[in-house]
Amino acid sequence: MNAPRRNRNRSQFNLRNRMLMVGAGLGLCAVTLVGRAAYVQLVNSDFYQRQGEARYLREVPIATSRGMITDRNGEPVAVSTPVASIWVNPQELLRAPERIPGLAQALSLPVDELTSKLTQKADKEFMYLRRRMNPDVAEQIVALKIPGVFAQREFRRYYPQGEAMAHVLGFTNIDDHGQEGLELAFDEWLRGKPGAKKVIRDRKGAIVESIDLVRPAEPGKDLTLSIDRRIQFLAMRELRNAVTANQAAGGSIVIMDVATGEVMAMANLPTYNPNSVSGATPDARRNRAVTDLIEPGSTMKPLTIATALQNHVVTPDTIIDTNPGYLALDRRYTIRDVPRNNGVLNVTGVITRSSNIGAAKIVSRLPDQTFYNSVRAFGYGMAPHSGFPGESAGVVPVPGSPGWSGTTKATMSYGYGLSVTPLQIAQAYSALANGGRVIQPTFVKGQHSEAREVIDPAVAQEVVRMMETVVTQGGAKQAAILGYHVAGKTGTARKNGPNGYERDHYNLLFAGVVPATNPRFAAVIVVNDPRGALQYGGLVSAPVFHHVMEGTLRLMDVPPDDIQSWLAAQAAGKVGGNPVNNPAVLPVPQDPAEPNIDAEFDAAMPTAIAPQPAATEVRQ
């Protein structure tokens, strides 16, 4: 019998070795896994922590409110109110198309329009659907639990004074950044810094928990303006009345504190509603008192005479012969006093009668450079540096330049051939009222700059006394305020068009200071292109000064400096009570369409300044 056959291959394997090899392999795998786990958990844990958090942890902004703007008395004129914006993750919402009609209905949008917007942003994870909504309405939309739809807290600017302060304040855009006016000038100060926090979101994007504050929100700083909202409202009301009554294209008014340079009020027409800017045109949004250039007309004459007095070429009693009522320049051009020959005047009479010939003869005694330097010293041709965006420097021809001709100095003496802004005129008249010291205008309460002297205080006081005669004897009787001495100057400057100076198109001006014996305020009123019967600064702009400044003096508790006139009127039964608390409206001339014999008028324009076929008559 044969012995059983053994498996020869069995001898080739050792069971022990096989077990050792398997154990070593398993051990190596275990060591690898442990090492990998140690690397993930200990060595590179931050990376994997971030990767995990990226799937549920988000850093979201914390909205901050813009600083409040108040008037000089602390009354709010620009505040931020909380609103909400609805946003969506298009990718997530498009995965639930059946919810789109409900969202469209909640947003009052056509379904097709909403679907189209979502489709266009299908590769995005964020899209605004509606900005600046009522928070309650936004909460109702979020409560619908539509996939990918969320609300975001924001702030919207609100202006309680509306259009009355629109040009001063400006407005903000949809992201609450300043776009114009003081909102733009002080944007960085007002804006503040948004905060941030870490939150946990679920797979649908909803916030489950706030876990960490990254940085707190810093609200914007408040800003206190020099503007008094009461005076601002009064200025806007009276300016609107004048523009409407005289069918004018627009107008501007500026009121300044002569000692500090603080702008108490500034208004323009046309205007706009800063709470709804979308319908406003760029023309309506322009702050004309700061940006638009006009020729100052006869409001320039006090500066001309101040320069002459300062340089000792005339005295208040110097005789100026304006006969025969016209003056030839360079044997080609003629200046006229319209409509009459004023005859022989002293320097005070040149202002009272607003004689263009008188102003031209006085300035002829001054060297060109001296006159130019004085005009510049009053702030013309230089930016006022009020801090308002886009302020104009004006245009003043330089002696010896191509813009300076043989007639330039003469026409500049009565307000033609140079261009300034209403704010610059207010600054110049503030200098006359402030003892000859020019001070930088400001819109911020308490932000004062150092004044610089441009003429002697005695000269400034003398010119102010001369300007009083314009109100008491000249063409600005309607600027008078019972109980107060008023000094001022009217002007009626013909507008310059594409083809030279235009007939029957004027800027009507009045610039004045009050109380004249101890000035507190300077005001400038410009009425642009009136189409009514009245075409004189003394009949259109001067009454605005009367009404606005009468109210301003009362609001600011400025004591009367002409109590005798008040007592006389009271004795005559025309007024009663206290002059500060009971304003009196001065009687209007019986026929205001016709200026009285003392009314002032404008000058003829040489063709060197405005290309015309002949000397052109312009009233002032």
Task: side-chain hydrogen bond (donor to acceptor under 3.5 Å, both in side chains) evaluation trace for S354 with K301 - done: CA-CA 8 Å; S354 194; K301 289 170 184 170; 2.7 Å; yes
Task: Heavy-atom check, side chain of M466 versus side chain of P302, under 4.5 Å - done: no
TODO: Apply side-chain hydrogen bond (donor to acceptor under 3.5 Å, both in side chains) to the pair T315 and T318, showing each step before the final yes or no.
DONE: CA-CA 5 Å; T315 69; T318 298; 3.1 Å; yes
TODO: Without swapping roles, check the side chain of H167 against the backbone of A284 for a donor-acceptor pair under 3.5 Å.
DONE: yes
Task: Test side chain to side chain contact (heavy atoms under 4.5 Å, CB included) applied to P543 - qualifying residues, sequence neighbours left out - done: Q478
TODO: Taking the side chain as every heavy atom from C-beta outward, state whether L293 and V395 have any atom pair closer than 4.5 Å.
DONE: yes
Open item on the list: Would R336 pass as a cation-pi partner of Y326, given that its NZ or CZ must be under 6.0 Å from the six-membered ring centre and within 45 degrees of the axis?
Closed with: yes
Task: Results of side chain to side chain contact (heavy atoms under 4.5 Å, CB included) for T442 - residues two or more places apart only - done: E262, V444, Q447
Open item on the list: If we count only N and O atoms by modelled type, under 3.5 Å, do the side chains of E295 and Y414 hold a donor and an acceptor together?
Closed with: no
Task: Any residue meeting salt bridge (charged side-chain N to carboxylate O under 4.0 Å, His left out) with R465, in chain and number order, not counting sequence neighbours - done: E462
- [ ] Could you tell me which non-hydrogen atom of A267 sits nearest to which non-hydrogen atom of M236, and how far apart they are?
- [x] CB-CE, 3.9 Å
- [ ] Side-chain contact test, heavy atoms from C-beta onward, threshold under 4.5 Å: evaluate it for D71 versus R230 and give yes or no.
- [x] no
Task: Salt bridge E450-R437, side-chain N to carboxylate O under 4.0 Å - done: no
Task: Exercise: identify the closest heavy-atom pair between Q427 and P441 - done: NE2-CD, 3.4 Å
Task: side-chain hydrogen bond (donor to acceptor under 3.5 Å, both in side chains) evaluation trace for Q424 with Y429 - done: CA-CA 9 Å; Q424 288 176 308; Y429 272 65; over 6 Å; no
- [ ] Check L534 against L539 and note the closest heavy-atom contact, atom names and distance.
- [x] CD1-O, 3.8 Å
- [ ] Decide yes or no for E180 and F171: does some side-chain heavy atom of the first lie under 4.5 Å from some side-chain heavy atom of the second?
- [x] yes
Task: Closest contact, heavy atoms only, V243 versus G250 - done: CG2-O, 3.6 Å
Open item on the list: I want to know whether Y536 and Y506 have ring centres closer than 6.0 Å.
Closed with: no
TODO: Could you label the plane-to-plane angle of the F443 and F388 rings as parallel, tilted or perpendicular, counting under 30° as parallel and over 60° as perpendicular?
DONE: tilted
Open item on the list: Main chain of N241, side chain of T244: is a donor-acceptor contact present, judged purely on distance under 3.5 Å?
Closed with: no
- [ ] Would you check, one step at a time, whether the test side-chain hydrogen bond (donor to acceptor under 3.5 Å, both in side chains) holds for D228 with N73?
- [x] CA-CA 7 Å; D228 188 310; N73 300 311; 3.1 Å; yes
Task: For S355 against L345, the heavy-atom pair lying closest together - done: CB-CD1, 3.9 Å
Task: With D283 via salt bridge (charged side-chain N to carboxylate O under 4.0 Å, His left out) - residues at least two apart - done: R286, R288
Open item on the list: Working to the nearest 0.5 angstrom, can you tell me the gap between T348 OG1 and R353 CZ?
Closed with: 13.0 Å
- [ ] Output all residues satisfying side chain to side chain contact (heavy atoms under 4.5 Å, CB included) with A360, sequence neighbours left out; order by chain, then residue number.
- [x] L327, I335, A410, S413
Let me check something: any side-chain donor-acceptor pairs from residues 516-525 under 3.5 Å, sequence neighbours excluded? List them with distances.
unit_1	atom_1	unit_2	atom_2	d
T517	OG1	D561	OD2	2.6

TODO: Please confirm whether the backbone N or O of G436 pairs with a side-chain atom of N434, one donor and one acceptor, at under 3.5 Å?
DONE: no
Open item on the list: Suppose the criterion is side-chain hydrogen bond (donor to acceptor under 3.5 Å, both in side chains): which pairs have a residue in residues 371-383, not counting sequence neighbours?
Closed with: T307-S374, Q369-N373
Open item on the list: I'd like to check the side-chain hydrogen bond (donor to acceptor under 3.5 Å, both in side chains) partners of S252; sequence neighbours left out, ordered by chain and number.
Closed with: N268
Task: Least distance between heavy atoms, A479 atom then V471 atom - done: C-CG1, 4.3 Å
- [ ] For L567, enumerate each residue passing the side chain to side chain contact (heavy atoms under 4.5 Å, CB included) test, keeping only those at least two apart in sequence or located in another chain.
- [x] I563, Q564, Q570
Open item on the list: In the structure I gave you, are the side-chain heavy atoms of I69 and L169 within less than 4.5 Å of one another anywhere?
Closed with: yes
Open item on the list: When you measure from the side chain of Q232 to the backbone of A164, do you find a donor-acceptor pair of N or O atoms at a distance under 3.5 Å?
Closed with: yes
Task: Partners meeting side-chain hydrogen bond (donor to acceptor under 3.5 Å, both in side chains) with S386 (sequence neighbours left out) - done: E391
Open item on the list: My understanding is that only residues two or more places apart in sequence, or in another chain, count here; which of them pass side-chain hydrogen bond (donor to acceptor under 3.5 Å, both in side chains) with S565?
Closed with: D562
Open item on the list: Is the shortest side-chain heavy-atom distance between M549 and I481 below 4.5 Å?
Closed with: yes
Task: Residues which pass salt bridge (charged side-chain N to carboxylate O under 4.0 Å, His left out) with E238, listed by chain and number, not counting sequence neighbours - done: none
- [ ] Inspect the surroundings of CH2 in W404 and state if more than 12 heavy atoms from other residues, nucleotides or ligands are less than 6.0 Å away.
- [x] yes
Task: Heavy-atom donor-acceptor pair, K445 side chain to L223 backbone, under 3.5 Å - done: no
